[in-house]
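Working notes, structure below.
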Amino acid sequence: MPSQSFFPTRRKQQAANTNRSTSSDPASGGEASRPVPRMHALVARHWAAVIVNYWENCLHEGLLDLSQPIDLVDLMPGASGVNTWMMHQALSQRLSGSALGRLRYRLLPVVTDRMHVREWRDVAEWQQAESDGWMVPLLWNRQALPCLLHQSGRREWRSQNPVTILVQQMLAARPKQVYAAHYGKLLQAPFERLLQGDEGEDNGPWKPADPACLPDRLAASLQAILSRFNSVPLAWPTEEVGALENLFSMATNGYLALIEAPGEESDRSIRLRTFPELVQSYRDTGMVPLNFRLLAEYFSRCGGICTEVESRSQRRCMQAVIGGPPGQAGDLPKRVFSIFDKDEWARHAPLLTAMKALAAHRDRMALDSALINLQCAASDPELFSTAFQSVLASIKNNQPLDRDDWTEAARAVWGWHLPVDGSLLHREIAAVSMRMGDWGFARQVLQRGLQSNPRQASDLGYLAWCELRTGRSDLASSLLEEALSIDRQDPIACEVKARLLERRALFDNAWRKPIAHPTLPLVLEPLDCMHAEALLVQYRDPQIAIMTGLQALSTVEQARKWIVEHDDEVGRHAYAVMHRDHGLVAYVCLSNSAHASYFCFWVGVDYQGQGLSGPAASLLCDYARQMGITQFYTSIYDDNVRSVRSLVRVGFKPMRIRALNPDQDRCFYYSCDPDVTEEQATRELIDYHVREKLPLRFPGMEPEKPPLADASSALVE
């Protein structure tokens with residue numbers, strides 16, 4: 001077959017052009033620092049499946065001592081340990097469904113400097129992780145034996161169990177030498193000169209490589225590749241592979257190493273890798289594509305057993321290596337590799353690419369498609385950020401959505417995230433959570449973001465919005481004052497302040513004021529149009545309208561109109577029952593006439609059965625007594641058994657009186673001072689209906705023309 005051109009005539013000029021446009025190239029005066037790639041949730045979840053399967057098989061073989069921790073050495077923990085955090089989340093999820101209930105694992109992120117550890121210990125999540133014992137930094141600069149950096153001091157690292165080594169993309173670092181199998185010859189060249197595009201005369205930097213001058217394992221591995229391919233580049237990270245070998249030797253009870261990086265494993269993909277691509281890949285990504293066939297040859301000579309899977313479309317590979325004492329030979333690698341789902345992993349990279357492309361569209365993708373997209377990516381934070389603007393636009397456009405699924409999705413994304421390094425993911429998560437009415441979680445996320453970032457006016461504004469929408473306007477006012485002291489023009493803080501002032505303008509010192517529960521996280525807030533959207537969400541169960549006799553509402557505009565119309569009724573005082581974490585959870589109303597009041601109450605569809613009706617009803621009635629109301633009445637349908645229980649719990653008593661046909665299907669309850677008899681209460685109930693010209697008729701009442709409006713009321717729990 002025709003081979004690739006080893007030294008293309010135009011390569012020198014192409015490289016020179018690239019040098020001029022790439023500021024991070026070493027030839028232009030030094031290489032900029034390249035961040036460690038962040039692990040994707042899909043990869044973390046797949047690795048967790050392989051690791052737990054490895055542990056289960058080791059336990060079956062009697063190789064695990066469950067009285068000792070099982071160590072995972074993370075060679076690329078990422079900025080502030082974000083990759084280590086994601087592996088912990090994936091392992092926790094996987095172990096929750098595993099039989100390894102007694103297993104205790106330790107994640108050991110490798111650091112080369114104690115300063116890194118001090119930075120980590122400023123992060124609340126890592127403080128808790130060290131306290132719980134599942135994370136211990138491992139200090140290792142490759143010039144001394146690794147040691148554990150416990151909070152109590154430094155200790156030599158020795159593992160009493162098989163060790164898992166998370167290599168990730170460490171081997172795709174910048175090599176000092178690149179080898180080449182070239183028509184039966186083994187060549188080598190300094191990588192620096194390849195980056196410079198310095199070919200010079202007679203093939204430039206490429207010189208014959210003497211196998212006798214190479215380590216035995218590397219020489220034998222290179223010869224195996226040389227006999228198989230015509231002309232292929234062979235990047236070899238000498239220092240990184242040497243460090244990995246040292247870890248293998250220290251894992252005296254066996255090891256599982258997991259590697260994931262750009263590169264090839266199949267013969268065809270290896271043949272298609274060109275030399276210029278090797279250099280350009282490093283210029284573009286900071287990583288050199290690996291020849292995983294060469295790695296497998298080498299690790300097998302180290303006593304390891306390997307398996308690989310390749311994603312051809314993305315030109316990436318994943319490799320697992322199992323090695324250790326004779327006790328781990330036999331069927332153990334085969335059983336472990338059985339869960340190394342090659343088809344699943346091979347889809348990860350192209351799936352993520354496709355999903356990012358879809359998520360990046362700003363044409364308001366359907367929310368159900370966005371949710372499926374996110375779920376397929378295991379709630380990956382990077383994908384969520386990519387799709388955020390599109391998702392938020394769709395939500396604001398009132399596209400139909402599953403609130404429960406989106407609430408769960410936002411929480412799952414946050415679970416993968418380590419809030420460090422100036423990330424603003426907290427703001428995106430909070431925005432979606434607030435739209436779902438998950439106010440307590442949004443507040444928690446924003447508070448964590450304020451801890452991990454400099455205090456910003458927008459974050460404080462969003463947090464003030466959480467407090468305003470959960471009945472805590474005083475706290476919202478305090479947060480807004482701080483936000484505007486930072487930036488008086490911040491649009492979020494300014495908008496929330498306008499909403500706060502709008503609401504406070506409606507308050508007075510009588511019925512239109514917030515009524516806080518003395519011990520529970522509940523506030524009765526005078527109902528206004530700002531509650532319309534949340535009220536509609538909790539009113540969406542059609543049974544609420546049926547059981548209360550209230551108007552059916554299907555749009556936010558209808559809800560606003562209904563609130564305004566009822567607010568104009570004299571003597572009617574409606575309140576939104578606000579919960580500190582959930583926002584509007586119920587509705588309560590008193591319609592006053594002289595010293596008596598008609599009572600109506602319903603609990604939102606998402607919060608029924610949680611014991612909210614009793615405290616809220618008692619709170620309103622207690623306040624009404626302070627305002628001179630001494631008698632309370634309500635009616636419910638006979639089959640509304642749950643509401644009957646709620647009424648009895650707050651002190652209401654049944655009445656024997658019944659309305660005339662067609663309203664004989666409801667019963668009446670009252671709550672009055674102890675010296676008021678049922679007969680007196682019955683007379684007051686009838687007088688109330690007469691005074692207010694309500695349509696219900698009772699025995700003994702003079703027939704009248706029914707009024708045009710029906711102001712009947714009932715209670716729904």
Side-chain angles (χ1 to χ4, degrees), residues 511 527 539 541-553 562-563 565-575 586-603 613 617 620-621 624-625 628-648 650-673 676-717:
W511 289 100
L527 189 70
Y539 193 71
D541 180 0
Q543 286 299 312
I544 294 177
I546 292 171
M547 299 302 285
T548 59
L550 295 172
Q551 176 184 342
L553 304 172
W562 182 83
I563 291 170
E565 288 175 349
H566 285 78
D567 189 49
D568 291 338
E569 293 184 17
V570 176
R572 186 182 182 95
H573 305 294
Y575 296 86
Y587 164 91
V588 65
C589 178
L590 289 177
S591 295
N592 298 337
S593 177
H595 56 277
S597 187
Y598 219 81
F599 176 68
C600 176
F601 186 89
W602 54 260
V603 176
S613 59
L620 180 58
C621 291
R625 290 185 182 96
I629 303 298
T630 59
Q631 299 185 36
F632 302 91
Y633 299 90
T634 192
S635 63
I636 58 174
Y637 290 107
D638 290 334
D639 54 1
N640 195 347
V641 179
R642 286 167 46 184
S643 291
V644 169
R645 289 199 299 266
S646 297
L647 285 171
V648 172
V650 297
F652 276 80
K653 300 176 183 178
M655 305 175 73
R656 288 188 293 270
I657 191 172
R658 287 278 179 157
L660 297 176
N661 187 46
D663 301 306
Q664 74 279 8
D665 57 349
R666 66 186 71 187
C667 52
F668 294 86
Y669 281 75
Y670 76 103
S671 175
C672 301
D673 292 338
V676 176
T677 66
E678 183 182 345
E679 289 74 18
Q680 292 171 321
T682 300
R683 186 67 259 167
E684 178 58 39
L685 174 67
I686 295 174
D687 290 346
Y688 182 99
H689 280 74
V690 172
R691 287 195 307 270
E692 298 301 316
K693 299 180 180 180
L694 299 178
L696 268 65
R697 315 304 299 163
F698 297 93
M701 288 179 63
E702 292 295 329
E704 296 181 6
K705 284 186 178 182
L708 296 177
D710 182 355
S712 62
S713 185
L715 181 146
V716 172
E717 162 56 26

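Every heavy atom of this structure was used, including side-chain atoms; hydrogens, water molecules and symmetry mates were not.
- One finds the OG atom of S591 at 8.5 Å from the NE2 atom of H573 (value rounded to the nearest 0.5 Å).
- One distance of note links CG of D663 with OG of S635; it measures 9.0 Å at 0.5 Å rounding.
- Partners of D665 by salt bridge (Lys or Arg N to Asp or Glu O under 4.0 Å), not counting sequence neighbours: none found.
- Classification of the W562-Y587 ring pair by plane angle, with boundaries at 30° and 60°, yields tilted.
- Residues C672 and A681 approach most closely at SG-CB, 4.5 Å, considering heavy atoms.
- The six-membered or imidazole ring of W602 lies away from that of Y575, with a centre-to-centre distance of 6.0 Å or more.
- Expressed to the nearest 0.5 Å, how far OG of S597 lies from CG of L620 amounts to 7.5 Å.
- Here CG of N640 is found 11.5 Å from CZ of R666. Values are rounded to the nearest 0.5 Å.
- Legend: residues meeting side chain to side chain contact (heavy atoms under 4.5 Å, CB included) with R691, ordered by chain and number and at least two apart, are S593, A594, A596, E684, D687, Y688.
- E678 and K653 are not joined by a salt bridge, as no carboxylate oxygen comes within less than 4.0 angstrom of a charged side-chain nitrogen.
- Under 3.5 Å, the side chains of T630 and D673 contain no donor-acceptor pair of N or O atoms.
- Ring-centre distance between H595 and F632: not below the 6.0 Å cut-off.
- In this structure the side chain of L550 never reaches within 4.5 angstrom of the side chain of I544, judged on heavy atoms.
- The two atoms that bring Y669 and I636 nearest to each other are CE1-CD1, 3.9 Å, heavy atoms only.
- Rounded to the nearest 0.5 Å, atoms CZ (R697) and CD (Q664) are 15.0 Å apart.
- Between Y637 and S643, the closest side-chain pair of non-hydrogen atoms is not below 4.5 Å.
- Counting heavy atoms from C-beta on, the side chains of T677 and T682 never come closer than 4.5 Å.
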CA sep, side-chain torsions, deciding dist, call: E565, R572, salt bridge (charged side-chain N to carboxylate O under 4.0 Å, His left out): CA-CA 11 Å; E565 288 175 349; R572 186 182 182 95; over 6 Å; no
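- Taking each heavy atom of G651 and S671 in turn, the nearest pair found is O-OG, 3.9 Å.
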Verdict with reasoning, L696 to L660, per side-chain contact (heavy atoms from CB on, under 4.5 Å): CA-CA 7 Å; L696 268 65; L660 297 176; over 6 Å; no
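- With hydrogens and angles disregarded, a donor-acceptor distance shorter than 3.5 Å links the side chain of T634 to the backbone of F599.
- Put simply, the side chain of V650 does not reach to within 4.5 Å of the side chain of F601, judged on heavy atoms.
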Test side-chain contact (heavy atoms from CB on, under 4.5 Å) applied to Q631 and L685, step by step: CA-CA 9 Å; Q631 299 185 36; L685 174 67; over 6 Å; no
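- Residues F652 and Y633 place their aromatic rings such that the two centres sit no closer than 6.0 Å.
- For the pair I629/N592, a side-chain contact is recorded, criterion being any heavy-atom separation below 4.5 Å from C-beta on.
- Classification of the H689-F698 ring pair by plane angle, with boundaries at 30° and 60°, yields perpendicular.
- Side chains of D567 and L527 form no contact here, defined as non-hydrogen atoms less than 4.5 Å apart.
- With a 4.5 Å cut-off on side-chain heavy atoms, D568 and H566 do not count as touching.
- The salt bridge (Lys or Arg N to Asp or Glu O under 4.0 Å) test applied to R658 returns D638, not counting sequence neighbours.
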